[in-house]
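A quick write-up on the structure given underneath.
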Amino acid sequence: MNIATWLEQAGRANPDAPAVGLGMRVAMDYATLAGRAARFASALRDRYGLVPGDRVALVTKNCPQFLEVLWGSWWAGCACVPVNAKLHGAEIGYILQRSGARICIAGGDLGDDVAAHAPVSLEALVRIDSADYARIFEADPIPCMPVAGSELAWLFFTSGTTGRPKGAMLTHDNLIAASYAYAAEVDPVRAGDATLLAAPMSHGAGLYIMAHVLGRGVSVVPESGGFEAGEIFALAAHWRNASMFAAPTMVKRLTAAREEADPSAFRTIVYGGAPMYVEDAVRALDRFGPCFAQIYGQGESPMTITRLTREEIGDRAHPRWRERLATAGVAYGNVEVAIADEAGRVLPPGEAGEIICRGAPVMPGYWQDGEATAKTLRDGWLFTGDVGSLDEFGYLSLKDRSKDLIISGGTNIYPREVEEVLLTHPDVREVSVIGRPDPEWGEIVIAYIVGEADAATLDALCLSQIARFKRPRHYRFVEALPKNNYGKILKTALREIDQRDSACNDAEEKG
Ligand code: AMP
């Protein structure tokens, strides 16, 4: 079935219920959102000549129009290609070309950049603040197009911490499965419950929209179009039962914010997308109380592989509480998770290997990339590229991406383990541990630190908690760590920086 059926139903059954918020006010009720999606679909078909299966690119920072374009594309039976507005024009151009999108809807401020990099395959570029965009909604509404659940709905370009982004094909069935899993196992959504869309809607946060339409919740876009701690506190206090998806860096900023705010205003803060260190989770719990849930997923299995529930995160009395806080929880009910060795054989509990999974949310493959699909989907399993292990209870510990693993003197060292220790120091704000090629050891451990602590203190801290061979040989104190547009630390870039710097230092030492 077409997932837009959910919106069609909501428009009929709950026309006056708030559907979209902008800042403190209701921007659209369900009748309006459904009506605009139906008109958008009509214009796609009759004015722009799109047919079911065609792609509609959407490049904008978070705004209410995102929702009408997303649902309107589905309503027409087309697929939507949301693109992160923070990407460079050339990167946006690449995604437009790769996806073969026939039309692109762009935020007003981005129109020139998109136009400058638009491929010839793009037939129309419509700016959200233009008369053309307004005219789209003068079209007569059409009924929601029937499409099979196996059809493409969302072409989800991976965040590309290495190489070119790949388009994970998410079908209507994948999105339905992910939304059901979220509502059943992370956070049920009831009429009027708000989700604050502060993280990019083109990515993780956007996937919460569907569960909220299903439950007749309100998708609230901050006026700033992004994440500002003060604004988030005000929105959480204003809207009922506010929840939000927040990357770990956002949770850290909310925890550290000095604003006078009612920390109990949040119903749920869902974190994921990058490692949440135990110390950071504990600080967040101290400030906000037990309102956290964790999810582990990736574009290829949208936000749905494992989850750690509010109860598990909040249950300080549990004998394994801290241990479990360091994990990403257990598999969702509609996903099987296992650990595989290099030959693809399933490993027993306790052994580390590549995390693999299969189930209803998993993509059928990458867009027009048979080679990448064959590498990633093998024997019905999705090979996530993440390294981890399952304990005897089924809790998944994420180690590091296989390429981030450090092998020193023939022994594996997981950077995350060292990072967890360093972060327990109160003057360490951020840390990233990498391997540097070394003629004697293969690799040696280097820690990049944002904060005021000194190397000797950190060395003593490591010696008190982890094996000697794991402790960093060198510390580098920096103002900031290289991050991508989603706030994920780019270890590949850090390794390059480190290579350059160490070459300079060596030259100085020799000179
Ligand atoms: P993306 O496909 O861009 O959303 O990135 C997905 C990747 O983010 C995963 O493959 C993991 O490496 C990482 N990730 C997602 N959720 C978590 C989590 N809860 N803890 C640690 N890393 C995560």
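Note that ligands are numbered from 1 as they come in the structure, with each ligand's atoms numbered from 1 the same way.
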Looking only at atom types and distance, does a side-chain atom of [X] sit under 3.5 Å from a main-chain N or O of [Y], one as donor and one as acceptor?
X: Glu323; Y: Arg320; answer: no
X: Arg267; Y: Met244; answer: no
X: Trp321; Y: Ile313; answer: yes

Determine whether any heavy atom of [X] lies closer than 4.0 Å to an atom of ligand 1.
X: Met303; value: no
X: Pro275; value: yes
X: Ile305; value: no
X: Lys488; value: yes

Would you say ligand 1 has an N or O under 3.5 Å from any N or O of [X]?
X: Gln298; result: yes
X: Asp386; result: yes
X: Ile295; result: yes

message: Ring-plane angle category for Phe288 and Phe233, please: parallel below 30°, perpendicular beyond 60°, tilted otherwise.
response: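 Parallel, since the angle between the ring planes stays under 30°.
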Tyr208 and Phe245 aromatic ring geometry - parallel, tilted or perpendicular at 30°/60° bounds: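 Correct class here is parallel.
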When you look for heavy atoms under 4.0 Å from ligand 1, do you find them on the side chain of [X], its backbone, both, or neither?
X: Ala168; value: neither
X: Thr158; value: neither
X: Gln294; value: side chain

Going by the atom numbers of ligand 1, which of them fall below 4.0 Å from some non-hydrogen atom of [X]?
X: Leu398; answer: 18 (C), 20 (N), 21 (C), 22 (N)
X: His203; answer: 1 (P), 3 (O), 4 (O)
X: Gly297; answer: 6 (C), 9 (C), 15 (C), 16 (N)

field: Shortest reach to atom 14 (N) of ligand 1 by a heavy atom, considering only Gly273, Pro165, Gly299
entry: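 It is Gly273 that holds the nearest heavy atom.
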- request: May I ask you to decide whether Asp280 forms a salt bridge with Lys252, counting only side-chain N to carboxylate O separations under 4.0 Å?
  value: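 The answer is yes: the pair qualifies as a salt bridge.
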query: Can Lys483 and Glu430 be counted as an ion pair, charged N to O under 4.0 angstrom?
result: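 So Lys483 pairs with Glu430 through a salt bridge.
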query: Hey, which of Leu308, Thr384, Val337 is the one that makes side chain to side chain contact (heavy atoms under 4.5 Å, CB included) with Tyr296?
result: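 Considering Leu308, Thr384, Val337, a side chain to side chain contact (heavy atoms under 4.5 Å, CB included) with Tyr296 is found only for Thr384.
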message: Is the distance from the ring center of His203 to that of Phe156 below 6.0 Å?
response: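 Here the rings of Phe156 and His203 have centres that are less than 6.0 Å from each other.
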